[in-house]
There are 2 protein chains.
Amino acid sequence: MPRPKVPLLSADRIADAALELVDSGRPFGVNALARALGVTPSSLYNHVSGRDEIIELIRGRIAAQYLPDLPEGTWDDVVASTMRAQRRMYAEHPNAIPLIVGKTITDPFTIASYDNLATGLLGAGFPEGEVLTVVAILDSFALGFGLDLASPDDIWQPQGPTQTLGRLLAGAERGAARSDRAFEEGLELLLDSLRLRLSRLREDD
Amino acid sequence: MPRPKVPLLSADRIADAALELVDSGRPFGVNALARALGVTPSSLYNHVSGRDEIIELIRGRIAAQYLPDLPEGTWDDVVASTMRAQRRMYAEHPNAIPLIVGKTITDPFTIASYDNLATGLLGAGFPEGEVLTVVAILDSFALGFGLDLASPDDIWQPQGPTQTLGRLLAGAERGAARSDRAFEEGLELLLDSLRLRLSRLREDD
DNA sequence: ACCTGAACACCGTTCAAGT
DNA sequence: ACCTGAACACCGTTCAAGT
């Protein structure tokens with residue numbers, strides 16, 4: 001069946017199927033994706049440049065869904081809303097995290113979200129030279145918690161006796177509940193300390 | 001050359017070569033590792049169960065080097081020292097991060113390090129039900145910054161015009177310097193807010 | 001006990017051939 | 001323009017055969 005009159009594939013259809021494959025929990029790959037699309041692996045190369053571009057399509061798909069509405073309001077509202085949106089995004093597509101992590105971000109929605117964050121921080125009074133650092137901190141935080149979600153239920157598995165860890169682990173919440181609570185508390189901690197930093201900066205004026 | 005009198009391989013030798021391969025920046029894999037060891041891939045299976053175990057060996061190797069001395073002192077010294085040790089570990093083996101991330105931790109040195117952290121926080125006055133959450137926050141933080149280091153120089157690459165981000169990126173520090181500064185500042189923020197949290201907890205007494 | 005070599009079921013990518 | 005099929009150089013893992 002070479003060259004059908006109406007194309008079987010498109011970047012859009014590939015993106016949809018790729019995200020579906022990732023979310024299904026089956027291992028992601030070009031060949032597996034082709035199988036899911038009922039097509040030969042080489043067919044995909046008529047529409048995308050390869051594995052990496054498909055992964056960027058996945059990032060774009062997710063970001064378009066969770067990050068299109070740029071939060072407004074006070075700077076700490078912007079920070080909190082942006083972080084929570086990222087959190088929701090990661091929470092509902094945890095299997096995408098290991099794929100998109102550590103790759104340069106070009107997706108417009110994701111860029112716009114960070115841009116909005118930077119603008120908010122700058123407006124709040126954080127100095128030019130510090131805004132990007134704060135954004136990087138927030139990014140690391142979101143990413144770390146994303147990975148926390150994508151991790152196995154038992155992150156720590158002591159093989160021998162411990163002073164404290166083993167006992168706490170035995171009585172601890174598991175999985176998503178633990179991770180959610182840690183995220184909210186961590187977010188509060190970060191906001192508190194950013195407020196502190198800001199008030200110190202204002203004292204210096 | 002079957003069954004040499006003195007074995008060519010051992011878990012130790014495999015761990016050494018694996019870390020070396022990872023640090024070299026060449027793609028890590030069982031076959032590539034076997035080549036580096038001058039041996040057939042199947043030979044490795046006489047000493048390790050497979051790829052995953054080799055990766056745990058790498059984690060152990062790194063942890064044994066950076067986390068053997070458990071920091072003492074005030075709780076915030078313990079937190080800062082532990083975070084900085086992890087940071088140094090990631091900084092000097094950035095290519096190991098994508099491999100070890102998201103796998104259950106069994107390595108004794110790593111466990112001992114987190115155990116020490118938990119014990120310190122508990123002693124400082126953080127309630128039982130909260131210690132693990134704080135440890136998870138610190139872990140997420142360290143991991144996020146580890147990934148930040150392993151990431152390409154340009155994490156954000158806007159394709160179009162931006163309000164703030166593009167301008168800040170143009171004047172920003174690059175690579176390790178930026179990441180180091182962000183880490184130190186982020187650590188200060190976290191410590192500040194943990195101190196704040198602790199003082200509030202003490203007020204309630 | 002510890003290595004090799006063949007074999008298997010996978011990868012991601014390229015490219016000539018077909019319409 | 002868009003698909004197939006063959007081909008290539010890789011993966012990780014198993015297992016019989018050799019000493």
Under a 4.0 Å heavy-atom cut-off, which of residues 30-37 of chain B touch DNA chain C? none
Would you say the side-chain atoms of D77(B) and T74(B) include a donor-acceptor pair closer than 3.5 Å? yes
Short N-O contact, R87(B) and E184(B), less than 4.0 angstrom: no
Could you label the plane-to-plane angle of the H93(B) and Y66(B) rings as parallel, tilted or perpendicular, counting under 30° as parallel and over 60° as perpendicular? perpendicular
Return whichever of F28(A) or L9(B) has its heavy-atom-nearest nucleotide of DNA chain C closer to the 5' end. L9(B)
Any chance CD of E20(B) has more than 12 other-residue heavy atoms, nucleotides or ligands included, within less than 6.0 Å? no
From CA spacing to verdict: salt bridge (charged side-chain N to carboxylate O under 4.0 Å, His left out), R195(B), D192(B): CA-CA 5 Å; R195(B) 287 187 199 105; D192(B) 277 347; 3.1 Å; yes
How long is the line joining CG of N46(B) and C1' of dA17(D), in whole Å? 13 Å
Is there a residue in residues 10-24 of chain A whose heavy atoms reach under 4.0 Å of DNA chain D, and which residues are they? none
Are H47(B) and dC3(C) close enough that a side-chain N or O sits under 4.0 Å from OP1 or OP2? yes
Please confirm whether the backbone N or O of R13(A) pairs with a side-chain atom of S10(A), one donor and one acceptor, at under 3.5 Å? yes
Has Q159(B) got more than 12 heavy atoms of other residues, nucleotides or ligands less than 6.0 Å from its CD? yes
Rounded distance in Å - CG (D52(A)) to C1' (dG12(C)): 11 Å
In plain terms, say whether E56(B) and R59(B) are close enough for a salt bridge, that is, a side-chain N and a carboxylate O under 4.0 Å apart. yes
Charged N to carboxylate O below 4.0 Å: is that the case for R167(A) and E128(B)? yes
So Y114(A) and W156(B), would you call those rings parallel, tilted or perpendicular, with 30° and 60° as cut-offs? tilted
Side-chain N or O of S43(B) less than 4.0 angstrom from OP1 or OP2 on dT4(C)? yes
Please tell me which of the listed nucleotides, dT13(C), dC2(D), dC2(C), lies nearest to the side chain of R51(A)? dT13(C)
Which stems, defined as runs of 3 or more consecutive Watson-Crick or G-U wobble pairs with both pairing distances under 3.5 Å, involve DNA chain D? C:4-8 with D:12-16, C:12-16 with D:4-8
Can you tell which of dA6(C), dT13(C), dT4(D) lies closest to the side chain of T40(A)? dT4(D)
Could you check whether any side-chain N or O of R26(B) sits under 3.5 Å from a backbone N or O of A32(B), counting only pairs where one atom can act as donor and the other as acceptor? no
Closest approach to the side chain of L8(A), judged atom by atom: which nucleotide of dC3(D), dC3(C), dC15(D) is it? dC3(D)
Atom CG of L44(B) and atom P of dT4(C): how far apart are they, to the nearest Å? 9 Å
Nucleotide nearest Y45(A) (side chain, heavy atoms from C-beta), chosen from dT14(C), dC2(D), dT14(D): dT14(C)
